[in-house]
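Read through the structure below, which is laid out as structure tokens, and then see the notes.
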2 protein chains.
Amino acid sequence: MTDLAQIMQQVRDEARRRGVRWTNQRQIIVEIFIASNDHVTAEELHHRVRSIDASVSAATVYRTINLLVEIGVAHKRHFSSGSASFESALTKNHHDHLVCMSCGVITEFVHEPLEIQQNEVAQAHGFQLLHHRMELYGMCRTCTARGATVPASAWHALTDR
Amino acid sequence: MTDLAQIMQQVRDEARRRGVRWTNQRQIIVEIFIASNDHVTAEELHHRVRSIDASVSAATVYRTINLLVEIGVAHKRHFSSGSASFESALTKNHHDHLVCMSCGVITEFVHEPLEIQQNEVAQAHGFQLLHHRMELYGMCRTCTARGATVPASAWHALTDR
DNA sequence: CTACGTGCAAATCGTTTGCACTACT
DNA sequence: AGTAGTGCAAACGATTTGCACGTAG
């Protein structure tokens, strides 16, 4: 549906509308970010960007990804690792995550009943629900099949955040 | 049910069993941690500990709370703020959290249907569910009643982790 | 007596920021 | 021209760690 060029246009227009200048660095960073439609850390993104223009600094990658979050083009997530992950907000709808503690693969899912239950909980507590965070951790089919085990480090990473 | 002295005994025994020495600092830190049965950051804990013995260092508080997490006496949580919160694992059962984005109050809840739905999602994806994280963010009854609004900083803190 | 625990200060990690310079608009 | 963006290196906040000394066992 929404192809790369079209999305780029959209982001660029939104940036311009906010008086944000469109630099070469931003073009590269945003292009790579949108193109890699999985969960990327700032460091990974910086690394990928460097392969196109080695002179782009980490600071600029951080500044740009933060800009994208601010204008609503990217979502920032913190799974059970030290650094934040980012995902495009334009190419996907609301979803939650399943994280494999063995291979690290992140699967997205939507489950309406869960959303409904959440609203019920909130309502029962007189809470006006505005946002939620929900992550399921475990072992994916593939890892279970090959008899993998959850490394101790994954447990620590999990209970450590 | 489980009173302070009894829990202390339990923790101390578990520590001893692991060949961990029971120092004065640890006695104070653990006592205060167990006594404050809400969500505490390491810094808050350090502050409270200091009021009893000003010489206890932050490093020792960190080392001790990590020890507690390791022996399963404490749970570490990361809500939408920079630092981790800890809660006693002995005085409470499994529960999830409702976080008020206006006043910061954290309410615990248990909702069986949610747990069931989670298992269904995991099963549908061939996932062996081992752990989950679920936090509902919004505005509590009190804040809604007094017409409070969610500060921009809370939104940023939320979307920033 | 001998590890283990402590306080301190320095190191770490991911991320942000001040600065002098560059380049959109 | 003028202001926003850049790279660099230094600053950041939360947490950890190396070290020399102290103390539980």
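The chains referred to below are lettered A, B, ... by the order of the sequence lines, with proteins before strands, and numbering in each begins at 1.
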Describe the nucleic acid contact of A/T41 in one word from base, sugar-phosphate, nothing, applying a heavy-atom distance below 4.0 Å. nothing
Give the rounded distance in Å between these two atoms: CG of B/L45 and C1' of D/dT15. 14 Å
Is there a continuous path of hydrophobic side-chain contacts, each under 4.5 Å between heavy atoms, that joins B/M139 to A/V121? no
Ignoring backbone atoms, test whether A/T60 places a side-chain nitrogen or oxygen under 4.0 Å from the OP1 or OP2 oxygen of D/dG5. no
If we count only N and O atoms by modelled type, under 3.5 Å, do the side chains of A/E14 and A/Q10 hold a donor and an acceptor together? no
Over 12 foreign heavy atoms within 6.0 Å of CD, B/E120: yes
I need the NE2-C1' distance between A/H78 and C/dG14, as an integer number of Å. 9 Å
Between C1' on D/dT23 and CZ on B/R26, what's the gap in Å once rounded to a whole number? 12 Å
For D/dT15, take OP1 and OP2 only and decide whether either is under 4.0 Å from a side-chain N or O of B/Y62. yes
Figure out the CD1/C1' separation between A/I65 and C/dG14, and round it to whole Å. 14 Å
In terms of the nearest nucleotide of DNA chain D, which residue is placed more toward the 5' end: B/W22 or A/I29? A/I29
Protein-nucleotide distance (A/Q27, atom CD; C/dC24, atom C1'), rounded to Å: 14 Å
Report whether A/L130 and A/I116 are members of the same hydrophobic cluster (ILVMFWY, side-chain heavy atoms less than 4.5 Å apart, transitive linking). no
From CD1 of B/I28 across to P of D/dA24 the rounded distance in Å is 12 Å
Using atom CG of A/L68 as one end and atom C1' of C/dT15 as the other, report the distance to the nearest whole Å. 16 Å
For D/dT3 and A/R21 - does any side-chain N or O of the residue sit under 4.0 Å from the phosphate oxygens OP1/OP2? no
Distance criterion of 3.5 Å, no angle test: do you see the side chain of A/R63 paired donor-to-acceptor with the base of C/dT16? no
Nearest-angstrom distance from the residue atom CD of B/E43 to P of D/dT15: 9 Å
OP1, OP2 of C/dG7 versus side-chain N and O of B/Q25: anything below 4.0 Å? yes
Sugar-phosphate, base or nothing in reach of B/N24, heavy atoms under 4.0 Å: nothing
For a quick check of understanding: with a heavy-atom distance under 4.0 Å over all strands, which category does A/R18 fall into, base, sugar-phosphate or nothing? nothing
Phosphate OP1/OP2 of D/dT15 contacted by B/N66 side-chain N/O (<4.0 Å): no
Counting only side-chain nitrogens and oxygens, does B/T23 get under 4.0 Å of the OP1 or OP2 atom of C/dC4? no
If you take the centroid of each ring, where Trp contributes its six-membered ring, are A/H132 and A/H94 closer together than 6.0 Å? yes
